[in-house]
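Down below is the structure, laid out as structure tokens.
Remember, it's a predicted structure, so these values are computed and weren't measured experimentally. What's counted below: heavy atoms across the whole structure, side chains too, no hydrogens, waters or symmetry copies.
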Amino acid sequence: MTNLRQAIDRIVESLLATTPLPPQLSEPFCWSMNTDPLDWFHSQPLFPKFYWQTRDGKEQVLALGQVKTFSDPACAEHQLAKGQRIWGGRSFDGRTERNQRCLKSFFFLPQIEIICRDGQWFITLNVCADLLKVRSALSKLIIQSQRLSHLDCDVLATQHQPEFGQWSTMIGDALSAIETTELQKVVLARKTTLELDRALPAASLLKASVEINKSNFHFLLALDEKHCFVGSTPERLFWRNDSELYTEALAGTIGRGKDAEEDLSLATWLLNDSKNIYENRLVVDDITQRLNPHSEQLDVEVTPHLVRLRNVQHLKRDIEANLIPDVPSSTLLDLLQPTAAVAGLPREKAVDFIVENEPFVRGWYSGSVGYLSPEQSEFCVAIRSALIVDNKVHLFAGAGIVPGSVAESEWKELDRKMATLRNLLGPSPDKHMEKKAG
């Protein structure tokens, strides 16, 4: 079976021999069982780069380099050839008055995609007019990569934004606004910054997460060597194939039990708790109201079912739609992001409250990441995520605030959600503050 080097050589031969050149060239190959895809991904010098693994584990993509970048996915949809995909995402608050540094959205048509679909590996080249640039990108690929080291770094310091006292005040203000204004729900978040004893390769954190956080989307977006946004999220924003659309309401949370008996008890409580059921229903109502004008048929799961993850359990309701003709995926992004599960209801009122009260800018956190193509698109919600810059890891998590929310319980929910990535790193010396806060 052809190895990666041989597949690259075949693509170069096709570049020289094929006239006219198609938009894409693709070759199957056999991935080396001695090489971890994230080790290989980390070794590659081409930027931007994007790693993607679907929630069911059936597709894995390593997208490298750029043929073209797009700040508006709607423009990209009209320029893509059949089979081409742009990768990237849309931030929560980029290019707003509050957060000028973060991009509103960033998508790129990669030069090279390494794709594993149902166990079959392919290398795909998006061809551009500059063939020297194309061949240069292929020549830069590092075939034999080094293994990433294990996560043996120590956490030197932990800082929360907000601290627990400010969090309690925020919750009180949110509950007052819900009682006295149109606001029905607001999702408030915390940023926890870990200072490590050494720089952390983002791919090594994600590699550890992929191994133990099952039934999640896994992603890594690196615009350059120094800034990486990674996540292992359970939540799909949407998947569409032609006119078929699948989305979901993932809202309502409780922790996992210490044993099977306690786990079942917590699950039973969550499935019957009026506050969490109400929170989930708000998300369902928001999604269906937004999709109705664009759907010929809309089906919603009648009652929530349970999703069990490593640290938490969620309420989830699946939503399926048959779209009317000519609804672009970029329109679906506009409709569904930010969802009521990461912002609140009504959307504009909730976002205004977040901007006025959260002591940090969210950036890519609670935005969406994934891919868009003429035939099929899929995005996940960028929660259970972290921004990694040198030796600092900025973790993010949010909690939906509705009538009945209690500051201490919601703080503990943030801890459980952050544990998706936080528990992969060493223990923090700041135990006293964490115990007092939690």
Side-chain angles (χ1 to χ4, degrees), residues 4-5 7-29 37 40-53 59-91 94 103-117 121-143 203 219-225 227-229 328-330 333 364 368-379:
L4 179 57
R5 168 51 64 196
I8 293 171
D9 291 342
R10 287 185 180 181
I11 283 181
V12 172
E13 290 173 6
S14 296
L15 282 172
L16 298 173
T18 307
T19 305
L21 282 169
Q24 282 187 324
L25 293 170
S26 187
E27 286 287 339
F29 71 97
W40 188 88
F41 177 81
H42 174 71
S43 300
Q44 304 311 311
L46 297 172
F47 290 90
K49 54 186 179 180
F50 190 94
Y51 175 86
W52 171 260
Q53 183 175 309
E59 184 175 43
Q60 188 175 186
V61 179
L62 295 71
L64 306 167
Q66 64 183 49
V67 173
K68 191 171 183 179
T69 62
F70 302 90
S71 59
D72 182 1
C75 294
E77 283 188 279
H78 302 295
Q79 299 181 37
L80 296 176
K82 184 177 181 180
Q84 288 185 326
R85 296 188 281 187
I86 58 169
W87 296 88
R90 179 174 286 180
S91 65
L103 297 170
K104 180 180 179 181
S105 63
F106 175 81
F107 291 90
F108 70 105
L109 178 64
Q111 292 173 309
I112 299 161
E113 288 179 77
I114 305 293
I115 304 165
C116 179
R117 188 177 293 122
W121 287 90
F122 299 85
I123 177 170
T124 297
L125 181 75
N126 287 305
V127 180
C128 67
D130 188 346
L131 293 186
L132 286 177
K133 183 180 178 182
V134 173
R135 294 186 65 180
S136 174
L138 288 168
S139 70
K140 290 176 182 176
L141 291 179
I142 297 171
I143 304 300
F219 63 85
L220 189 160
L221 172 62
L223 302 185
D224 54 46
E225 286 187 276
H227 302 82
C228 294
F229 183 63
S329 292
S330 56
L333 267 178
W364 292 105
S368 57
V369 295
Y371 68 89
L372 181 151
S373 79
E375 301 84 25
Q376 184 176 293
S377 302
E378 184 167 29
F379 288 87

Within-4.5 Å side-chain heavy-atom neighbours: Leu221 and Trp87
no
Contacts of type side chain to side chain contact (heavy atoms under 4.5 Å, CB included), residue Lys133, not counting sequence neighbours
Gln111, Asp130
Could you tell me if the side chain of Val127 sits less than 4.5 Å from the side chain of Pro22, heavy atoms only?
no
When you look at Glu27 and Asp9, which way does the side-chain contact (heavy atoms from CB on, under 4.5 Å) test go after all the steps?
CA-CA 10 Å; Glu27 286 287 339; Asp9 291 342; over 6 Å; no
Taking every heavy atom of Ile142 against every heavy atom of Ser43, the minimum-distance pair comes out as CD1-O, 3.2 Å
For the side chain of Ser136 and the backbone of Leu132, is there at least one donor-acceptor N/O pair under 3.5 Å apart?
no
side-chain contact (heavy atoms from CB on, under 4.5 Å) for Gln24 and Glu113? Distances and angles first, verdict last.
CA-CA 10 Å; Gln24 282 187 324; Glu113 288 179 77; 4.2 Å; yes
Below 4.5 Å, heavy atoms only, C-beta onward: do Gln60 and Tyr51 meet side chain to side chain?
yes
Ignoring hydrogens and angles, tell me if any N or O in the side chain of Ser91 forms a donor-acceptor pair with the backbone of Lys104 under 3.5 Å.
yes
Applying the side chain to side chain contact (heavy atoms under 4.5 Å, CB included) test to Leu220, which of Trp52, Phe41, Phe229, Phe50 qualifies?
Phe41
Aromatic rings Trp121 and Phe29: how do their planes relate, parallel, tilted or perpendicular, breaks at 30° and 60°?
tilted
Side chain to side chain contact (heavy atoms under 4.5 Å, CB included) filter on Ser330, not counting sequence neighbours, yields Pro73, Ala74, Glu77, Pro328
Rounded to the nearest 0.5 angstrom, the CD-CG distance for Glu13 and Leu25 is 12.0 Å
For the student: nearest non-hydrogen atoms of Pro48 and Phe106, plus distance:
CG-CZ, 3.8 Å
Would you compute the distance between atom CZ of Phe108 and atom CD of Gln66 and round it to the nearest 0.5 angstrom?
8.0 Å
Nearest 0.5 Å, what's the CG-CG distance between Leu109 and Leu372?
11.5 Å
Taking atom OG of Ser329 and atom CD of Glu375, what is their separation to the nearest 0.5 Å?
10.0 Å
Give the minimum heavy-atom separation between Gln44 and Leu141, together with the two atoms involved.
OE1-CA, 3.4 Å
Give a yes or no on whether the backbone of Gln376 and the side-chain of Ser373 come within a donor-acceptor separation of less than 3.5 Å.
yes
Any chance you could measure Gln53, atom CD, to Phe219, atom CZ, to the nearest 0.5 Å?
13.0 Å
How close do Leu125 and Ile112 get, counting heavy atoms only, and between which atoms?
CD1-CG1, 4.0 Å
Closest contact, heavy atoms only, Phe107 versus Ile86:
CB-CD1, 3.7 Å
For Trp40, what residues pass the side chain to side chain donor-acceptor pair (under 3.5 Å) criterion, not counting sequence neighbours?
none
Closest non-hydrogen atom pair, Cys128 against Val67
CB-CG1, 3.8 Å
Could you tell me the separation between the NZ atom of Lys49 and the CG atom of Leu62, rounded to the nearest 0.5 Å?
9.0 Å
